Amino acid sequence: MRTRAWLLLFAVLVVAALAAIAFGSVSLSLSAVVDALMGRGAPDAEMIVRVLRLPRVALGIAVGAGLGMSGAALQANLRNALAEPYLLGVSGGAAVGAVLATSLSVTSPGLVPLAAFAGAVVAVLAVLAVAQAARGPGDARVLVMAGVVVGAFANAAIMIVMANVPDQTVRSALWWMMGSLGDASWAGVRWTAGYVALGGALLMVYGREIEILALGDDPALALGVDTISATRRIFLISSLLAAVTVAAAGLVGFVGLVVPAIARSLGARTVRGTILASAVTGATLVVAADLVARVARAPAELPLGAVTALVGVPFFLLRLRRMS
Amino acid sequence: MIRFDDVRLRYPGQNAPAVRSFSLEAEAGKLTAIVGPNGSGKSTLVRALLGRITPEQGTITIDGTSLADLSRRDVARRMAVVTQREEPVFPMLVRDFIALGRFAHGSLWAGPTAYDMEVAESSAAQAGVEPYMDRRTDTLSGGEWQRVRIARALAQQGQAIVLDEPTTFLDIAHEMSVFELLDELAHDGIAVLLVSHQLNLVARFADRIALLHAGEAVAIGSPSDVMRGDLLERVYEWPLVVSRDPAVGAPMLVPLRGRSPR
C-alpha cells in the first residue's frame, strides 16, 4: 500500500475520532474539544470529553481494530472473502462465554474476555466440523451457512442463560447482544486494547505464514508450512481478537467483512499490510458507527450492531453476488 | 535424490491401497517421469511427498534422509513441489509471490531479505517470467501463471523439483517451453520428477519413465523400454500403436480410433 493511502486512512480515523468527541447530546466546538483534551477547557466540557466520550472513542478504536484484524486473518486463513467473526458464529460463541461468565458473577474486565475466548474457540471448532461435514470450509457458502447455524445455536444458548437471571441483568445482557460501547471505562479500554494489541502482534509475527496459508493447503505444504498447526494457530488468534471485542462491546457484526475489502481496494497486497490497514479502517468504522448510533435519534441510542449491520448487509449481498 | 523404496500408500478408510510397493529414484541431473492413466496413483505419490499421506510400508527419502524425519521447512529447503492446482483468492504482486519460495530459508517473522529478492529475481529470469514481476497474479494467463509458479519453486533452491501435471491447459508453445525449462534444470544438476499425461513429450524429454497402473509400477526404464504398444494398450485400455517420431526419432504413441476393447 502506498504511503498516501496510509495517510488517508489515519486522517479519516482522526477526523472520525474528533467528530465522535465533539458531537452527541451536547455538541462542542472543535476548539472546546481541543481545550478539554489539553486540560484547559471548561469543567463541564472537560467532564464530557475526558470522562464520557474519550474512553468511548478509545474503546471504539480498540474494538474496531480487533474486529478488522480478526476478519482479515480469518479471510486469509479460510481463503474466503466472506469469512468474518460475526457471520462465522465466532462472536456468537464468544457472547455465550461472556454471558455465562457474567451470570456466574465474573465481571472483571480482564477475565470476561477469557471466558469469551473459550466460547469463541468452541464455536470455531463447531463451524469447521459442520463445514467439513458438508463440502469443506473452502466453499464460501457452506462456511457461511455453518456459521449461521452455530450463531443461531449460540443465540439460543444465550436466551436460555438469560431466562434464569434477574430482570436487570437481562436488560443489560440484551443491550450487549445488540452491540454497544455504552459501558466504556478506562479500565475496560486498557484490557481490551491490551488484548487487541497482543492478538495484532501475534498476527504480525505469523504474517508470512498466513500469507502462505492463503495460497491453499498443497502449495503451503510445498513451501514449508505445517498447515494443520498453522491453521489452528491463526484460528486461535483471530478468535481471541473477536472474543475480546465481544466482551467489551457485544455483538458488532460485519466490520470484519467490510474492512479487509476496503483495505485491499486501497492497494493492500500483503497479508500484513491488509491486517494493519484493516485495524485502522475497522477503528474508523466503529467510531463512526457509534457516533451515528448516538446522534441519529438522540437522546435515544441505537444499538451499534444495528448500525454496522445496515452498512454490512448490502455489502455482503454485493459480495455474494459477485462470487456466484 | 528423491527415492521411493517399496512404498505402499493407503487412504484412511479404504481397503485397497492407492499405491502398492512402488520403488523409484529421481536422480540428480535427470528428468524422471511418472505416467499412467487417471486413478493409477500418480497424484497419491505427490501427496505423499507433501506429507498429506504417510506410507504404511516402505520409506521415502530425500537426499538420504527419510521424509518422516524432516519438518515441512526442512523438506521445502531440499525439494520444491509445483502442485497440480493453485487458485489465488487474494491477488498479490508476482515479485512477492515468487519471494514466498524463500519462506523456508528465512526466520518465521522476517520478511524476504535483499538476498531473497535477488534469488526471486534470478529464478524469475530462469523461468522467463521477469517481465511479469510487477504485475498482479490475477492478471496472468494460464501459461504465465504456471511459469510464475515454477519460478517460485526455483526460488526454494532445493536440489529437487517435483511437478504434478504442470502443462495441463497449456497450448503447444507454453507446454514446450515448460518442458524445455525442465530439461535445462536437469542439465543444471537438479533432480526433476515430473508427473504427466503427455506421453509423447515425456518420451522425448525424460531420462527415465515409470509407468503406473492401478497403484503398481508396471514398467520402469528408458523411454523406449516403457513406450511399448502392447504395454500401453493394456494399461490405458485403448487400442494404440507406438511409432517413431519422424522428426526427432523419439517413440511416439498414436491412439487409434475405434471402439474401446472394454
Side-chain angles (χ1 to χ4, degrees), chain A residues 1 71-83 137-140 143 201-231 233 260-261 263-265 267-275 277-278 319 322-323, chain B residues 43 46-53 67 70-112 116 134-138 149 152-153 155-156 158 160-164:
Chain A
M1 229 166 88
L74 284 172
Q75 292 184 6
N77 201 11
L78 289 161
R79 291 166 53 72
N80 188 332
L82 290 184
D139 186 318
L143 192 73
L202 286 171
L203 287 182
M204 287 302 111
V205 167
Y206 292 112
R208 246 171 111 64
E209 198 173 81
I210 304 173
E211 189 110 64
I212 290 177
L213 276 179
L215 301 172
D217 272 356
D218 281 351
L221 284 166
L223 289 171
V225 170
D226 180 349
T227 50
I228 294 175
S229 65
T231 305
R233 191 153 49 225
R264 278 190 284 270
S265 73
R269 290 284 165 264
T270 63
V271 161
R272 278 181 178 142
T274 309
I275 290 173
S278 298
R319 275 269 129 151
R322 202 184 302 167
M323 278 181 147
Chain B
S43 290
V46 177
R47 291 170 76 88
L49 291 175
L50 288 173
R52 298 195 77 132
I53 175 169
L67 201 58
L70 296 168
S71 72
R72 284 318 304 173
R73 276 170 83 80
D74 293 335
V75 174
R77 282 194 296 266
R78 292 167 169 79
M79 171 185 79
V81 182
V82 179
T83 57
Q84 203 173 97
R85 292 174 50 160
E86 179 170 353
E87 285 156 19
V89 179
F90 305 111
M92 59 174 100
L93 287 182
V94 169
R95 181 185 304 281
D96 297 331
F97 181 83
I98 294 176
L100 288 179
R102 303 298 300 160
F103 174 74
H105 292 270
S107 67
L108 187 59
W109 47 86
D116 290 334
D134 293 310
R135 278 173 58 187
R136 271 169 37 174
T137 47
D138 56 346
R149 294 180 62 215
R152 186 184 66 190
Q156 288 178 244
I161 181 168
V162 181
L163 304 99
D164 191 0

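Protein chains get the first letters and strands the later ones, always in sequence-line order, with residue 1 at the start of each. Being a predicted model, the structure only gives us computed values, none of them experimental.
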Do you know the tightest heavy-atom contact between B/R52 and A/D217? NH1-CB, 3.4 Å
Residue selection (most heavy-atom pairs with chain B, distance under 4.5 Å) from A/V271, A/L221, A/T227: A/L221
Are B/M92 and A/L215 side-chain neighbours, meaning at least one heavy-atom pair lies under 4.5 Å? yes
Got a sec, which pairs hit side-chain hydrogen bond (donor to acceptor under 3.5 Å, both in side chains) with one end in residues 202-213 of chain A, sequence neighbours left out? A/E209-A/R233
Part of A/V225 lying under 4.5 Å from any heavy atom of chain B: both
Of the backbone (N, CA, C, O) and the side chain (C-beta and beyond), which part of B/F103 lies under 4.5 Å from a heavy atom of chain A, both, or neither? both
With sequence neighbours left out, the residues meeting side chain to side chain donor-acceptor pair (under 3.5 Å) with B/D138 are B/R136
With a 4.5 angstrom heavy-atom cut-off, which part of B/R77 approaches chain A: side chain, backbone, both or neither? neither
side-chain contact (heavy atoms from CB on, under 4.5 Å) evaluation trace for B/R152 with A/L223: CA-CA 9 Å; B/R152 186 184 66 190; A/L223 289 171; 3.9 Å; yes
In short, B/F90 meets A/A76 closest at the heavy-atom pair CE1-CA, 3.8 Å
Residue pair B/V81 / A/A222: nearest heavy atoms and the distance that separates them: O-CB, 3.5 Å
Got A/D218 and B/E86 here, is their nearest side-chain heavy-atom distance under 4.5 Å? no
